[in-house]
Amino acid sequence: MATPLELDDIQGLVTRGYRTLTSASFLVLATAGPAATARAALGRLAPRVTNGLSDPPDTAVNVALTADGLRRLGRETPELDGFPYEFVVGMTDPDRSRFLGDVGENAPRHWRWGGPAGPPVHVLVMLYARDGQRLRQLEAETRREVLVPGAFTETARLGTAELTDREPFGFRDGISQPLIEGLPKAALAASAAGDGGMGGEQVVKAGEFVLGYLNEYGLLTDRPLLPPRHDPLGVLPRAPEGGADFGRNGSYLVFRQLRQDVEAFREYLDAETRRPDGSSDPAAQEALAARMVGRWPGGAPLVRAPEHDDPALATDNGFGYHATDPAGLRCPLGAHIRRANPRDSLDPRPGTADSVAVGRRHRLLRRGRPYGPDGTGDGPDAHGLHFLALNANISRQFEFIQHTWLDNPNFNGLHDGPDPLVAPRQERRATFTEQGRPFRTRHVGLPQFVTVQGGAYFFLPGLKALRYLCTAVPEGGRQ
């Protein structure tokens, strides 16, 4: 029996995608004075932070902090306190950058925000609203509460495009999301499952995304626990291991601003699919794009619709690869969705529950928003994605997927074939292979379609932890 989720203490971003709140913006803040002043300003915002009990009708507010932000607010974050090393050192640590492929064009020194040469990043305020007018009002109210002298300054405002079901390359987005044990959708899926979970819609333990609950290993993911004397008023829940549980109901938020070169993508598709007479072939362009993604633009997965898009399969997510397409003849082995979520296709024992279990230990809860040229500061023709992903273990989840599955040119037996869409192109352009009989097709010279423009690792605290952070000074902390 799963432990019930404490939805009133979990920030709403974890349990809700805010699909009806189509307008959003993200305010990146830096502290500007004494910790007590910043805590007081954040404390004025804390009561407005949205919990996970229900879908908010008009607006939502969520707050996350970097390790430096926690320090500046008086909370020290050494590794031994339960915060993971990668969170403490941050995304721009040289070792993390190399591991993530943040080199060359992606190197943090080029970033618009979050890089070593730019202003510091301490707090992220995520604002959502039903329409643009409500968002502008919410932004104004938020600034009045937190941008007061000696509290915070605004490092960046990251605007978004109006939310639709498509991302900038033109594909339906947000289809393959893990179902969290303890939420209603997971219960419905579990009762309706007929394939034993073989690569279909998988229910994942809550502890893979929320601290304080069992993960896919049947364990509690490491989290920051404080000596009880640091919480004399009992604001924080008490952990079974002993101590005040600062991490319970929190999550780690990975934020990366990804610029998508839509024009280069379309030009490459056109160049690779021209007819013998040199004319463009729109149908062939769409088919190649679908094979690179693993779904048709409308959403139908190639493993079930290999020849053409099928509106009836637009949101289909209940499929595996091993039984129907082990050799990649329908959906290429290196397609984006086959890398990001291999389902039942990898060792050990592809096609079995053991293979599916591996995938469940490397899932992300995605909460990204697309952006356009309006309000990003990223150029007049810039389009891209504010990639937001929640996980309980940054190294095992986000970093593993990025390094081992997406960026890896040797994924699943391939050679010189990193992810055709999002992987960096290191020293040379990449190759994308379409498996076929009797011959395969290799597309060479893929340019870099996606470039990192900014990013950081954040801790998304539970509401009790946020209230504690705003009001209490831990023993040994700074005033």
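The analysis underlying the following values was restricted to heavy atoms, covering all of them including side chains, and did not include hydrogens, waters or symmetry mates.
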- Query: What pair of heavy atoms forms the shortest contact from L390 to L253, and how long is it?
  - Reply: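 Minimum heavy-atom contact is CD2-CD1, 3.8 Å.
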
- Message: Within this structure, what is the CZ-CD distance for the pair F449 and E267, rounded to the nearest 0.5 Å?
- Response: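 If we round to the nearest 0.5 Å, F449:CZ and E267:CD are 10.0 Å apart.
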
- Message: side chain to side chain donor-acceptor pair (under 3.5 Å) for Q397 and H362? Distances and angles first, verdict last.
- Response: CA-CA 5 Å; Q397 292 170 270; H362 303 288; over 6 Å; no

[Y] and [X], any side-chain heavy atoms less than 4.5 Å apart:
| X | Y | answer |
| --- | --- | --- |
| P297 | E286 | yes |
| R134 | L127 | no |
| R338 | L333 | yes |

- Are F398 and Y252 near enough that their ring centres are under 6.0 Å apart?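 So the answer is no for these two rings.
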
- Message: Exactly one of F26, Y457, F459 should register a ring pair (Phe, Tyr, Trp, His ring centres under 6.0 Å) with F255. Which one does?
- Response: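 Passing option: F26.
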
- Query: Can you tell me if R442 uses its side chain to pair, donor with acceptor, with the backbone of T433 under 3.5 Å?
  - Reply: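 Flag not set: sc R442 to bb T433 has no pair under 3.5 Å.
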
- Task: Spell out, as yes or no, whether a donor-acceptor pair under 3.5 Å connects the side chain of H386 to the backbone of G159.
- Result: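 Yes.
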
- Message: Under a 3.5 Å cutoff, is there a donor and acceptor pairing between the side chains of H110 and E105?
- Response: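 Distance-only check fails for H110 and E105.
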
- Any donor-acceptor N or O pair under 3.5 Å, side chains Q448, D261: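 There is no such pair between these side chains.
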
- Where do L29 and V125 land on the side-chain contact (heavy atoms from CB on, under 4.5 Å) test, with the steps shown first? CA-CA 8 Å; L29 309 180; V125 181; 3.8 Å; yes

- Message: Using a 6.0 Å distance limit plus a 45 degree cone around the ring axis, check whether R166 lies over the aromatic ring of F171.
- Response: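 The answer is no; the distance or angle limit is not met.
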
- Evaluate the criterion side chain to side chain donor-acceptor pair (under 3.5 Å) for residue pair S395 and N393; output intermediate values, then yes/no. CA-CA 6 Å; S395 176; N393 188 311; 4.6 Å; no

- In terms of heavy-atom contacts, does CG of D222 have more than 12 from other residues, nucleotides or ligands at under 6.0 Å?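 Open: at most 12 neighbouring heavy atoms sit under 6.0 Å from CG of D222.
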
- Item | Passing candidate, side-chain hydrogen bond (donor to acceptor under 3.5 Å, both in side chains) with Y18, options D55, N62, T50 |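 Exactly one pass, corresponding to N62.
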
- Query: According to the interplanar angle, ranging from 0 to 90°, do the rings of W405 and F400 count as parallel (below 30°), tilted (30 to 60°) or perpendicular (above 60°)?
  - Reply: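 Judged by the thresholds at 30° and 60°, the geometry between W405 and F400 is perpendicular.
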
- Item | salt bridge (Lys or Arg N to Asp or Glu O under 4.0 Å) partner of R304, chosen from D325, D309, D316 |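 With R304 as partner, salt bridge (Lys or Arg N to Asp or Glu O under 4.0 Å) holds for just one option, D316.
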
